[in-house]
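For reference, the structure discussed in these notes is given below.
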Amino acid sequence: MTVSLELHDIQGNVVKGYGRQHFSFARYILFAIHDERAGRKFIRNILPLITTATPWKTCDNDSGGVPKPEATTNIAFTYHGLKCLGLPESSLHSFPTDFSDGMRARRDILGDHGKSAPENWDPVWNHPDKKVAILVSINGQSTVAIENRYKEIQKILEGVKSGMEQLCGHRGESGAEDLPYQEASAIFNEQGDPTPKEHFGYTDGISNPFFKGTGKNPNLVIGSGKPSRDNPEGWAPIEPGEFLLGYRDESQETPKAPTPPLLAKNGTFMVYRKLHQNVNSFDTYLSNQSTKHPEFNEEEIAAKFAGRWRNGAPITRFPTEEEADNFVKSVKETKKALDNAKDAIELEEAELLYSVLLSQYSAFNYDEDLDGSRCPVGAHIRRCNPRGSLEYGTKAYATPGALTNRRRLLRRGLPYGDSSDRSRDDGNHGIIFMTLGASISRQFEFVQQQWINYGNDFKAANEKDPLLGNHGVDKLGRGNGKMLFQKNKGSDESPYFCSHIPRFVDMHGGEYFFLPSITALHFIGRGTVDGT
Amino acid sequence: MSNIAGKAYAMNVVTPIKWYRAWINRLIFWAGGLPFFSSHLKGLTTLSLIHYARWALVSPRQFPRLDESQPKETIKYTYMFFFSNFNGSWNQYVDSFHMAIPAGLDLFWHKNIKYPNSIPLQPFHSYINHNQIWTNHYYNAYPLATSNDIKAAIAVKKKLKKFIELNNFDSPELFQKEYNKLLNDVQEHLNLMEPTPIVSLSAEAVEKRRTADHHRFRNRAASSS
Ligand code: HEM
């Protein structure tokens, strides 16, 4: 069944990963609302700037779409924000509890303790009398584009005088505590080109769920849709209701949503987390572990932790460093051939080869690797998206993705800060992690709690995600995280043990947001939401 | 009043069936034990969060009276009792069942009154919620252990015992070789058990109050002795 999404009514960041489309810069701005009318006026005035999911014109195709902008803008609300805007009680009560509780109240579910506890978050989240109401995000193809858009928004803000306030208190470089916004961007190489890397050196932003109605190339379903025994490719597109309210979901119904239905349809929920990366601890751990137990070198341990080599090649498919390097080399060479193609035949050949190669980044599952001897069962990407492996090869479920299809995360967001000084953990470097979905508790919270900070679904008891887990410390102050790299089952090789893993990622602040449709924004702006 | 003890959750669901239809359900349960059908229920054993699940039919005549003095009731229906202990939250369990073995569920609850089928999810949730009986008292001797942990411990114990009995380690090299083989053999069972992640904010609040009460009780007992 084909589904068409109302792309013109959906905010752009739901369907488009801006980062992958040359938007290398972003700025996230938080606001408090002091006066309902001012808040509504702000929404009405910013509405023309909001980027929708309408496809962008490509140079070789002027059949449809809108021109690609230099900068995009999106807007989202906390529960508190919706209250400030005067939404009726009946609508407010119809929102799910995860959202109305907010991220701070849910810290015990998320494992945000110790250094990651809300008291230690960036001050912007801790103003006693000024709670975050609105998040505006700008993504830009250049810093100039960001700055221009930012100025436009500042003007709109001036128009509502003291009725709204842009909140300061984002931490930044050199101990800055009180910045008026959060800056994020791709990490740039020495030539000044943006890279797809994050601060631990991994290529990020490769896998994202493929769902119906986005108009994306249908071949991309392999490895990014849901595992399926009914389709010859072994994959089928996910129902859009997993990521958008008002559409059919994987349980064959429209997801639970706030009322009235027009408020919810084409909207979704968004999780924002500023995740600080302890780069020194990470480098040190790899180096110490590979020195003490040299069966694996640093690159290999890094790859086993993530489930991908740092160059992006999936380890279950490219089990040795050499294979992974050769794979990425051939991707690069094919890209070069594509750029330098002299005639139509060369171009066509290169294009075909290139798309086949690219697909290998995502087109895999763990069926041939159930014992985890290539990609450990506890690796980050295998935990966060087990790709049908929770059926343990038994073909016992109605569908191989029975335990995973409703837990998929649409990831957005970008790295922030600079980690060129690797000699220290503190400073300003990490990821602004954003994930979108129809249910915060079923998708993000479940993955964070059950799959990142716990391991029973993988038969790994309390073992945590090596990269993201909130590992504690033992009596000597060493990290107490553990991980086991499985070996070929039935061989006489002992598994490889990593112990004393410290916490590599700390939480520095965040919140749950509702990302309404354009229609809902109109109603909220005019103050005409009424569920009766 | 809580269905949670350590890592385990106790679910009791009681649902009515018209008495003259119940023989079909009995037939289904009987067939469920046959090799042909039980292969269709592999999902139940693969869902590793389940300690156990049991279905039982009780016809009107079978309802016990505590004592002769308890008045006889006229019971109209045959009832199906469903009991299960599992690891994780209500949602995790019900949703896993609904996604993994929807056809199996529809068979077990065949023609139960107002059973809505296991797909879609929201009506199924309401049905289970409506018919669930809350647990008054629930004791768990091993609150840190999930069903996976128990199976793992049994497997490790068995293999370790065999390894010790083998005992033909003539040289350190041979020992190392056999020991590595043992580790390989148990690699999927070597885990660390710690307390459960919180099941919900309300379950956590109950747990905190219980611990506080427990401390108060102990202190009082200590000071009075
Ligand atoms: C500093 C924090 C994080 C780092 C460094 C990190 C790193 C990575 C890397 C290197 C990949 C592989 C690249 C790719 O497939 O796109 C990845 C994938 C992924 N990560 Fe993370 N991650 C972080 C936080 C998180 C969090 C908090 C979650 C979920 C709550 C998460 C969920 C995922 C998912 C779902 C995938 C895709 C898996 C797949 O589809 O195969 N990540 N991450």
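Labels below follow one simple rule: chain letters A, B, ... track the order of the sequence lines, proteins then strands, and each chain is numbered from 1.
Looking at F446(A), the atoms closer than 4.5 Å to chain B (heavy atoms on both sides) all sit in the side chain, from C-beta outward. Residue D101(A) touches chain B through its side chain alone, counting heavy-atom pairs closer than 4.5 Å. Both the backbone and the side chain of L47(B) have a heavy atom closer than 4.5 Å to some heavy atom of chain A. Contacts between Q92(B) and chain A at a heavy-atom distance below 4.5 Å involve backbone atoms as well as side-chain atoms. Residue E204(B) touches chain A through its side chain alone, counting heavy-atom pairs closer than 4.5 Å.
Note: S491(A) OG to D185(B) CG = 10.0 Å, rounded to the nearest 0.5 Å. Distance CG/L190(B) to CD/Q486(A): 9.5 Å, rounded to 0.5 Å. Between the CE atom in M99(B) and the CZ atom in R407(A) there is a gap of 9.5 Å [rounded to 0.5 Å].
Counting heavy-atom pairs closer than 4.5 Å to chain A, the top-ranked of the candidates M193(B), K177(B), H98(B) is H98(B). Counting heavy-atom pairs under 4.5 Å between each of G401(A), A461(A), P255(A), P400(A) and chain B puts A461(A) at the top. With chain B as the partner, the residue from L390(A), T399(A), L484(A), N405(A) showing the most heavy-atom pairs under 4.5 Å is L484(A). Between chain B and the residues E463(A), R406(A), K482(A), K395(A), the largest count of heavy-atom pairs under 4.5 Å involves R406(A).
Counting non-hydrogen atoms of other residues, nucleotides and ligands closer than 6.0 Å to CD of E295(A) gives a total above 12.
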Q | Evaluation steps, side chain to side chain contact (heavy atoms under 4.5 Å, CB included), between E188(B) and K459(A) | A | CA-CA 7 Å; E188(B) 67 274 37; K459(A) 308 190 178 179; over 6 Å; no
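Under the 3.5 Å distance criterion, the side-chain polar atoms of Q122(B) are matched with a main-chain donor or acceptor of T254(A). Within the 3.5 Å criterion, the main-chain N or O of N184(B) finds a donor-acceptor partner in the side chain of K489(A). In terms of modelled atom types and a separation under 3.5 Å, the side chain of Q449(A) and the main chain of I198(B) share a donor-acceptor contact.
Contacts between residues 110-119 of chain B and chain A, defined by a heavy-atom separation under 4.5 Å, are made by I119(B). Below 4.5 Å, heavy atoms of chain A meet heavy atoms from T146(B), N148(B), D149(B), all part of residues 145-164 of chain B.
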